[in-house]
Amino acid sequence: MKQGSSNGYYDYDIIVAGAGIAGMVAACSAAKYGKGNLKILVVDRNDEHEAGKKCINGWICGDAVGKKNVDYMSKHIGLKFDKPEIEKEVKGVVAYSPDHETAIYFDGEGYILNRRLLPLKQLNYALKLGIEFRWNVALRQVIAEDGYVKGVQGIDLKTNEPFKATAKVVIDCTGIASMLRSTLPIRSYIQRSIDKDDLEATGRYILRFDRTKDDRTYFDPDYAIIHLDQIIAPGGYAWVFPKGENKVNIGLGVQHRSLELRNMVLKKNDNLKSLIDAYIASNPVISNARLADGFEDHGNAWGTWQVSVRRQNDCLVANGYMLCGDSAWMPKPLDAGGIGPALIAGVIAGKDAVNAIEACDYSEYSLWQYNIDYINEYGYKTAGLEVFRRFLQTLSNEQINYGMKHFISKLDVEKITQGEHPDFSYVDKVSMLIRGILHRKTAEGLKYTAEKNRVLVEHYRNYPSNPDKFNEWHNRLIHILNEAFEKFKVRPEIYAVY
């Protein structure tokens, strides 16, 4: 390792891999909690003027985030979002049943962001905090020695020269397909790979359009719309998120297995793009749709990406190494929203990395507090929502219509608005009125997910205080989840009525 540097034997105190939302927040958090005394480097594969770009298609995202998550970040690290990176303020989310007869409003202020402009705001803030950047570097793996991660290495994409840098702690924010995580060479409880059933293929357009009529079930300038429909978006949902009076982020996500079964039953050959194009064409409000082409959307008006819809990685740390954001599979399992948890996790990761450095202990034991802090703040609820998501994917449109109309109470709406699993206590009150085996099965499934959620939340509230107790805790978690997963399997008959 490098000798004689200003901070000992390392090039940096902290290296953040990836300059996306999670990476930028983690770096800024570390700089703030370190009070300017730490040497921090952010490494990204993009050019500086394309900071945060997720893939060749651009900054592909649904762009929505709750105000309370932004406020959490602002309170802790001082970074505030405003126009132009906030493109539209919304009052909440409204979910429509497949037959459009039931609308459930989840009120709560939120923002539709411009992901092309947001990284520029974050970058300017980070530079003021003295954070260093290295652009155009594709990271391939960590540097490991004596059972510790001690840096990162890769290739400079402009010079084709090797890149290496060492650090006391590496925070991996390189995304869902992180090579650093998947090739992690040291002993760790971190899961290296994700099951394909825990991935959704998603895609969206950013469009400008003419409004031919007013129909708030298809476009609402005040609410982010979600359409639940197993034919339109099998295993996922479709969305219409307003970015202005005549501008929209519109797309959908599907589960791979659900799409295959849907196509088989309906004798279709649809793919993600064909489903999105059909969804847009069926929208009666949108006409003369064209790709948004201003600077703020340049290179970002169309794209697809994979998103995780499971609980976060069951362990987030190893010796000298931390996971954050998409690298840790943090998007919420129910709606695949990733910005909110990235903001929260970034703040916590930066703070806990600083605490470990100040203690001169970068071990798994020292960094373990990050697991506990993230779970207590956000992660305790994600396993229950993962079970709920798996249940929803087994329902037909008929079951969704009936369930949304009869089984959701105001208290359930409040729970979901807060990102919690609903209790579905109203199901017991109407159980004697439920007619038909199909709807009874739906009611039983809802009650089952609520009970599983209570068990899982309690289990996560007892997350092990150190690595020595992890195996026992984890074995119990997998047992609970497998029992639920065995019960909820996607079957072709949910599409057979069409």
Side-chain angles (χ1 to χ4, degrees), residues 54-64 95-100 115 176-177 196-210 212 215 217-219 224-243 247-293 297 299-309 331 335-336 389 392-398 400 490-498:
K54 295 175 70 172
C55 62
I56 192 172
N57 289 323
W59 297 256
I60 312 304
C61 182
D63 298 337
Y96 286 97
S97 59
D99 60 10
H100 279 229
R115 287 297 301 277
I176 191 171
K196 68 176 183 178
D197 284 345
D198 291 326
L199 292 171
E200 292 219 348
T202 58
R204 64 96 180 98
Y205 289 94
I206 296 177
L207 300 175
R208 295 192 180 277
F209 64 95
D210 299 330
T212 56
D215 185 337
T217 70
Y218 285 98
F219 178 80
I225 290 175
I226 285 176
H227 289 132
L228 298 172
D229 192 306
Q230 291 282 39
I231 306 304
I232 292 173
Y237 66 91
W239 68 82
V240 185
F241 293 171
K243 294 174 81 72
K247 186 179 179 183
V248 68
N249 178 316
I250 184 168
L252 56 83
V254 300
Q255 186 202 40
H256 302 275
R257 189 184 304 274
S258 297
L259 177 57
E260 289 174 357
L261 288 175
R262 178 254 194 204
N263 281 345
M264 179 188 72
V265 172
L266 300 182
K267 296 180 172 55
K268 300 280 190 179
N269 192 34
D270 283 312
N271 56 35
L272 180 62
K273 188 174 187 303
S274 69
L275 288 174
I276 297 172
D277 289 343
Y279 177 60
I280 294 171
S282 70
N283 191 307
V285 175
I286 294 175
S287 68
N288 189 28
R290 60 269 187 196
L291 294 177
D293 58 0
D297 300 302
N300 192 43
W302 155 254
T304 63
W305 77 105
Q306 297 273 0
V307 62
S308 61
V309 283
D335 61 16
R389 183 263 301 175
L392 291 178
Q393 289 174 329
T394 69
L395 300 182
S396 67
N397 277 355
E398 180 185 356
I400 297 172
V490 179
R491 294 181 172 85
E493 52 263 33
I494 68 173
Y495 305 106
V497 295
Y498 289 87

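Everything numeric here is computed off the predicted structure, so don't read it as measured data.
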Next on the checklist: Could you tell me if the side chain of I400 sits less than 4.5 Å from the side chain of Q230, heavy atoms only?
Outcome noted: yes

Checklist outcome for this item: salt bridge (Lys or Arg N to Asp or Glu O under 4.0 Å) filter on R389, not counting sequence neighbours, yields D198

Checklist entry - Side chains of R204 and I250: closer than 4.5 Å at any heavy-atom pair? => result no

Next on the checklist: Please verify the inter-ring angle class for H227 with Y279; under 30° counts as parallel, over 60° as perpendicular, anything in between as tilted.
Outcome noted: perpendicular

Checklist entry - Between L199 and V307, is a side chain to side chain contact (heavy atoms under 4.5 Å, CB included) present by the stated rule, with each step listed? => result CA-CA 6 Å; L199 292 171; V307 62; over 6 Å; no

Next on the checklist: Would R290 and D210 count as a salt bridge (charged side-chain N to carboxylate O under 4.0 Å, His left out) here? Give the steps.
Outcome noted: CA-CA 9 Å; R290 60 269 187 196; D210 299 330; 3.3 Å; yes

Checklist entry - Are side-chain heavy atoms of I206 and N300 found at a separation under 4.5 Å? => result yes

Checklist entry - Got F241 and I225 here, is their nearest side-chain heavy-atom distance under 4.5 Å? => result no

Next on the checklist: What I'd like to find out is whether the side chain of Y205 reaches to under 4.5 Å of the side chain of D277, using heavy atoms alone.
Outcome noted: yes

Next on the checklist: Before you tell me yes or no, could you show the steps for T304 and N57 under side chain to side chain contact (heavy atoms under 4.5 Å, CB included), namely the whole-Å CA-CA distance, both residues' side-chain angles and the distance that decides it to 0.1 Å?
Outcome noted: CA-CA 7 Å; T304 63; N57 289 323; 4.2 Å; yes

Item to check | Any residue meeting side chain to side chain contact (heavy atoms under 4.5 Å, CB included) with D270, in chain and number order, not counting sequence neighbours | outcome: R262, N263, K268, S274, L275

May I have the list of side-chain donor-acceptor pairs in residues 232-239 shorter than 3.5 Å, sequence neighbours left out?
{"unit_1": "Y237", "atom_1": "OH", "unit_2": "D335", "atom_2": "O", "d": "2.7"}
{"unit_1": "W239", "atom_1": "NE1", "unit_2": "N249", "atom_2": "OD1", "d": "2.8"}

Checklist entry - Do L392 and L228 come within less than 4.5 Å of each other through their side chains, counting heavy atoms only? => result no

Item to check | Test applied, side chain to side chain donor-acceptor pair (under 3.5 Å); reference residue, E200; option that passes from Q393, Q306, Q255 | outcome: Q393

Next on the checklist: To the nearest 0.5 Å, what is the distance between CD1 on I226 and CG on L252?
Outcome noted: 12.0 Å

Checklist entry - Is there a side-chain contact between F219 and T217 (heavy atoms, below 4.5 Å)? => result no

Item to check | Heavy-atom side-chain contact between N288 and F209 under 4.5 Å | outcome: no

Item to check | D215: salt bridge (Lys or Arg N to Asp or Glu O under 4.0 Å) partners, not counting sequence neighbours | outcome: none

Checklist entry - With sequence neighbours left out, what residues match D293 under salt bridge (Lys or Arg N to Asp or Glu O under 4.0 Å)? => result none

Item to check | Distance-only donor-acceptor check, side chains N397 and Y495, under 3.5 Å | outcome: no

Item to check | Approximate separation, where rounding is to 0.5 Å, of I280 CD1 and L207 CG | outcome: 5.0 Å

Checklist entry - Quick one: salt bridge (charged side-chain N to carboxylate O under 4.0 Å, His left out) pairs with a partner in residues 252-261, sequence neighbours left out? => result D197-R257

